[in-house]
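One-based numbering along the sequence shown.
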Amino acid sequence: MSLTEESGLPETTTRTSAVEPVPFGPGSYLWEHMGLYTSAFAGNCAFILQAMHPTVSVVSDQYSAFRTDPVGRAVRSFASVQTWVYGGEAAIEEGKRLREMHKPLVSFDEEGRRHHALSADAWAWVHVTGLYGTLMAARYFAPAPPTRAEEQRIFDEFMNLGRILRVPERMLPETLEDFWTSFDKTVDDTLEATKVALEVVDMMDKTPVAGPAALRPALARIGMATGRVGRFVTAGTLPPAAREKLGLTWTAADERRLRALGQAVARTSPLLPERVRYMPIAYRARVAARARQSLDHALATRPL
């Protein structure tokens with residue numbers, strides 16, 4: 001199996017058998033973008049799409065801490081996502097850990113139908129919503145819309161990520177076109193305005209902010225303002241059919257405002273220090289990778 005020099009990931013091939021996942025490293029698209037705070041902000045639509053899947057909704061309704069500990073749950077989720085991309089060999093173990101953690105999660109809906117967190121379609125859906133969210137972040141929050149080659153690169157890396165997360169190989173789309181076909185079909189035929197999805201949307205600008213008691217009134221106002229922007233971005237990056245099912249309105253003026261916001265972020269974000277732009281695990285991984293490269297260079301050029 002050949003590897004690309006740039007990302008260290010398998011070249012695009014037609015998958016006829018299981019392929020072992022490869023840890024991500026410097027040069028890959030996800031290494032450069034997945035740890036950005038702006039990328040996470042723009043990718044919130046993925047969580048809503050997950051919650052609209054009947055199985056994910058039923059299981060989350062019983063087991064998730066999104067009601068009792070929304071901030072803690074978000075922090076843990078983003079830490080796990082960063083581990084997938086920046087953890088090296090720990091990413092492979094994180095994929096195994098998540099599978100084990102979800103094994104016992106079984107719930108029944110109001111009609112008595114059984115739902116398992118690891119059912120192939122639900123587990124795969126959680127993964128492909130991440131691909132969708134990343135594509136939306138690239139389309140709205142990058143200096144220029146991604147080219148077809150860049151979208152293909154994102155797709156290829158997400159197929160590797162799917163293997164890290166132990167998504168069944170048969171559930172991974174063969175091509176980018178296959179992904180869009182199956183994604184649109186799931187949005188149209190499977191997704192629903194579930195109780196959990198509606199709750200999460202409603203909570204986006206109402207989540208309490210932790211902090212010193214004296215600062216909580218100010219922090220609450222900041223949290224509400226941030227939540228409103230997050231809700232706006234989430235609504236705009238959802239597929240129109242999903243937005244309609246949730247009863248969210250979206251106008252041409254809203255679209256123009258979202259694109260203006262995206263361009264403002266794209267222009268200003270690169271001016272910020274790396275420590276501010278990237279989430280903690282991502283930042284530390286990037287620093288460590290540069291130190292490793294510096295050491296390797298020193299060793300390679302040492303006097304002999």
Point-to-point distance, once rounded to the nearest 0.5 Å, from CE of Met136 to CG of Leu258 = 10.5 Å

Between the main-chain N or O of Arg290 and the side-chain N or O of Ser294, is there a donor-acceptor pair closer than 3.5 Å?
-> no

In Å and rounded to the nearest 0.5 Å, what is the OH to CZ distance from Tyr132 to Phe183?
-> 5.5 Å

Are any side-chain N or O atoms of Arg243 and backbone N or O atoms of Leu248, one a donor and one an acceptor, separated by less than 3.5 Å?
-> no

Does NZ or CZ of Arg99 lie under 6.0 Å from the centre of the six-membered ring of Trp123, at an angle within 45° of the ring axis?
-> yes

Heavy-atom donor-acceptor pair, Lys195 side chain to Val58 backbone, under 3.5 Å = no

Ala138 to Ile154 - nearest heavy-atom pair and separation = CB-CD1, 4.3 Å

Close side-chain approach of Leu238 and Trp250, heavy atoms under 4.5 Å | no

Answer with yes or no whether the hydrophobic clustering places Val287 together with Tyr37; edges join I, L, V, M, F, W, Y residues whose side-chain heavy atoms lie under 4.5 Å apart.
-> no

So CD of Gln50 and OG1 of Thr55: to nearest 0.5 Å the spacing works out to 13.0 Å

Considering non-hydrogen atoms only, spot the tightest contact between Pro21 and Ile92 and give its length.
-> CG-CD1, 3.8 Å

Cluster check Val167, Met34: I/L/V/M/F/W/Y, side chain < 4.5 angstrom = yes

Are a donor atom and an acceptor atom from the side chains of Arg259 and Gln263 found within less than 3.5 Å of each other?
-> no

Within a radius of less than 6.0 Å around CZ of Arg97, do more than 12 heavy atoms belonging to other residues, nucleotides or ligands occur?
-> yes

Does a side-chain N-to-carboxylate-O contact under 4.0 Å join Lys103 and Glu100?
-> yes

How close do Ala266 and Ala142 get, heavy atom to heavy atom, and via which atoms?
-> CB-C, 3.7 Å

With a 4.5 Å heavy-atom cut-off, do Trp125 and Thr129 have their side chains touching?
-> yes

Verify side chain to side chain contact (heavy atoms under 4.5 Å, CB included) between Leu135 and Trp180, making sure each step is shown before the conclusion.
-> CA-CA 11 Å; Leu135 290 170; Trp180 281 117; 3.7 Å; yes

Does the side chain of Pro143 reach to within under 4.5 Å of the side chain of Arg267, using non-hydrogen atoms?
-> no

Worked check of side chain to side chain contact (heavy atoms under 4.5 Å, CB included) between Thr134 and Glu157 | CA-CA 11 Å; Thr134 301; Glu157 293 189 18; over 6 Å; no

Please report the C-alpha distance between Phe47 and Thr234 in whole Å, then the side-chain angles of each, then the deciding distance to 0.1 Å, and finally whether the side chain to side chain contact (heavy atoms under 4.5 Å, CB included) criterion is met.
-> CA-CA 9 Å; Phe47 295 111; Thr234 299; over 6 Å; no

Atom pair OG (Ser60) and NE2 (His53), whose distance is rounded to the nearest 0.5 Å = 11.5 Å

Do Leu172 and Arg163 have side-chain heavy atoms sitting under 4.5 Å apart?
-> yes

Take atom CZ of Arg166 as the centre, draw a 6.0 Å sphere, and report whether it contains more than 12 heavy atoms from other residues, nucleotides or ligands.
-> yes

Are Leu98 and Val126 grouped together when hydrophobic residues (ILVMFWY) are joined by side-chain heavy atoms under 4.5 angstrom apart?
-> no

Taking His115 for the side chain and Leu105 for the main chain, is one N or O donor matched with an acceptor at less than 3.5 Å?
-> no

Do side-chain atoms of Ser28 reach the backbone of Gly25 as a donor and acceptor pair under 3.5 angstrom?
-> yes

Determine, for Lys96 against Glu93, whether the closest basic-nitrogen to carboxylate-oxygen distance falls under 4.0 angstrom.
-> yes

Within a strict 4.5 Å, meaning less than it, do heavy atoms of the Glu255 and Tyr140 side chains meet?
-> yes

Within 6.0 Å of CD in Glu244, more than 12 heavy atoms from elsewhere = no

NE2/His33 to OG1/Thr38 distance, rounded to the nearest 0.5 angstrom?
-> 8.5 Å

Just by distance, with hydrogens left out, do Asp254 and Thr251 show a side-chain donor and acceptor under 3.5 Å apart?
-> yes

Beyond-backbone contact of Val128 with Thr186, side-chain heavy atoms, under 4.5 angstrom | no

Would a hydrophobic clustering, with Ile, Leu, Val, Met, Phe, Trp and Tyr connected at side-chain separations under 4.5 Å, put Tyr63 with Met203?
-> no

Does the Thr237 side chain pair with the main chain of Gly43, one donor and one acceptor, at a distance under 3.5 Å?
-> no

Between Ala122 and Val56, which heavy-atom pair has the shortest distance, and what is it?
-> CB-CG2, 4.2 Å

I would like to know whether Asp296 and Arg292 meet side chain to side chain contact (heavy atoms under 4.5 Å, CB included); could you show each step before the answer?
-> CA-CA 6 Å; Asp296 289 344; Arg292 180 71 248 182; 2.7 Å; yes

Group every Ile, Leu, Val, Met, Phe, Trp and Tyr by side-chain heavy-atom contacts under 4.5 Å, then state whether Val106 and Val59 land in the same group.
-> no

Exam field: side chain Tyr278 to backbone Glu32, donor-acceptor pair closer than 3.5 Å = yes

Hey, is CD on Glu111 packed in by over 12 heavy atoms from elsewhere, all under 6.0 Å?
-> yes

Which heavy atom of Val233 sits nearest a heavy atom of Ala42, and at what distance?
-> CG1-CA, 4.1 Å

If you measure from CD on Gln62 to OG on Ser57, what distance do you get to the nearest 0.5 Å?
-> 12.0 Å

Is any side-chain heavy atom of Phe141 closer than 4.5 Å to a side-chain heavy atom of Leu36?
-> no

Solution key, residues 74-88 side-chain donor-acceptor pairs under 3.5 Å, sequence neighbours excluded:
residue, atom, partner, partner atom, Å
Arg76, NH1, Asp69, OD2, 3.3
Arg76, NH1, Gly72, O, 3.4
Ser77, OG, Arg73, O, 3.0
Ser80, OG, Trp84, NE1, 3.2
Ser80, OG, Glu94, OE2, 2.7
Gln82, OE1, Ile281, N, 3.2
Gln82, OE1, Ala282, N, 2.9
Gln82, NE2, Phe78, O, 3.4
Thr83, OG1, Ala79, O, 2.8
Trp84, NE1, Ser80, O, 3.1
Tyr86, OH, Leu30, O, 3.4
Tyr86, OH, Trp31, O, 2.6
Tyr86, OH, Gly35, N, 2.9

Using a 4.5 Å cut-off on heavy atoms from C-beta on, say whether the side chain of Asp156 contacts that of Tyr29.
-> no

Determine the minimum heavy-atom distance between Ala197 and Met52, stating which atoms define it.
-> CB-CG, 3.7 Å

